[in-house]
Amino acid sequence: MEPSAALLSETTAGLERLGVVHESWQVTAQEFVAAHAGRWDVVQSSFALQSLCEADKREVLSWICGHASRFVLVEFDVPEVDDVWDPVWFADCVARLERGLREYGADRDLVGVGFVLPVVLGKFSATSPPANHEVSIARWRELLGETGFGGIRVRRVADYWWRPAYAVEAIGSS
Ligand SMILES: C[S@@+](CC[C@H](N)C(=O)[O-])C[C@H]1O[C@@H](n2cnc3c(N)ncnc32)[C@H](O)[C@@H]1O
């Protein structure tokens, strides 16, 4: 399931090349859970559920818990602050962005305009709602517990320029 037509067709082309039998849906997670029942052995999501606001995160996580045996979530661990203009938080954010953009070489402008400005710097907009809703891994753990998951285990999987990424594994109720 992937809302972007371009990303979905790249993914399905890759699966076809590998001979993996699959189904695909060009929908958001919210649309998917509103329209589907059934039971799934494993549900996996990486860096996508951060796009959902708190209420939608709860709705989608509750659905996954009720329809899947296992859930594997991969997300960044983003410390939460009351004020994104807090000087310490802001200085750390700028340093990470500079380091990150240097990694992209020739693609730097594309990444800056297409990703850093709308997604990362969206936090600083006073006029438009943020494009993503990142939270700390501690908060993800709480949300998983509150939506019914058990057996929650966390491990660090990668150190990105933005924040470290963690895999959170949990047992659903289906
Ligand atoms: C940072 S990319 C991660 C892509 C890929 N999963 C990966 O790990 O490389 C964020 C992904 O979340 C998807 N996305 C955005 N809003 C979504 C939503 N409401 N439901 C499901 N996926 C969403 C985007 O289309 C994009 O594929």
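One-based numbering, in listed order, for ligands and for the atoms of each.
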### Query
Is there a donor-acceptor pair closer than 3.5 Å between any side-chain N or O of Ser51 and the backbone N or O of Asn132?
no
### Message
With heavy-atom distances below 4.0 Å as the criterion, list the atoms of ligand 1 near Thr28.
### Response
18 (C), 19 (N), 20 (N)
### Message
Heavy-atom distances under 4.0 Å decide this one: backbone, side chain, both or neither, for Pro3 against ligand 1?
### Response
side chain
### Query
Could any protein non-hydrogen atom be found less than 4.0 Å from atom 6 (N) of ligand 1?
yes
### Which of the ligand 1 atoms, numbered from 1, are nearer than 4.0 Å to a heavy atom of Leu7
26 (C), 27 (O)
## Note on the structure
of all protein heavy atoms, closest to atom 10 (C) of ligand 1 is Phe47 O, 3.1 Å
### Query
Against heavy atoms of Gln30, which atoms of ligand 1 measure under 4.0 Å?
18 (C), 19 (N), 20 (N)
### Message
So, applying side-chain contact (heavy atoms from CB on, under 4.5 Å) with Val78, which one of Gln50, His133, Arg163 is it?
### Response
Arg163
### Message
With heavy-atom distances below 4.0 Å as the criterion, list the atoms of ligand 1 near Leu52.
### Response
18 (C), 19 (N)
### Message
Regarding Glu134 and Lys123, does a basic nitrogen lie under 4.0 Å from an acidic carboxylate oxygen?
### Response
yes
### Message
I'd like to know if Arg99 pairs up with Glu103 as an ion pair, taking the criterion as any Lys NZ or Arg NE/NH1/NH2 lying under 4.0 Å from an Asp or Glu carboxylate oxygen.
### Response
no
#### Entry: Option whose closest heavy atom lies nearest to atom 4 (C) of ligand 1, chosen from Ala29, Ala5, Ser46, Ala48
Ser46
### Query
Are Glu75 and Ile137 side-chain neighbours, meaning at least one heavy-atom pair lies under 4.5 Å?
yes
### Message
Please work out, at 4.0 Å between heavy atoms, whether the side chain, the backbone, both, or neither of Ser51 comes within that distance of ligand 1.
### Response
side chain
### Query
Would a line drawn from the ring center of Trp140 to the ring center of Tyr166 be shorter than 6.0 Å?
no
### Task
Starting from atom 27 (O) of ligand 1, locate the nearest protein heavy atom and write down its residue, its atom name and how far away it is, to 0.1 Å.
Glu2 OE1, 2.6 Å
### Summary
The ring-ring contact (aromatic ring centres under 6.0 Å, His included) partner of Trp63 among Phe71, Phe149, Phe32 is Phe32
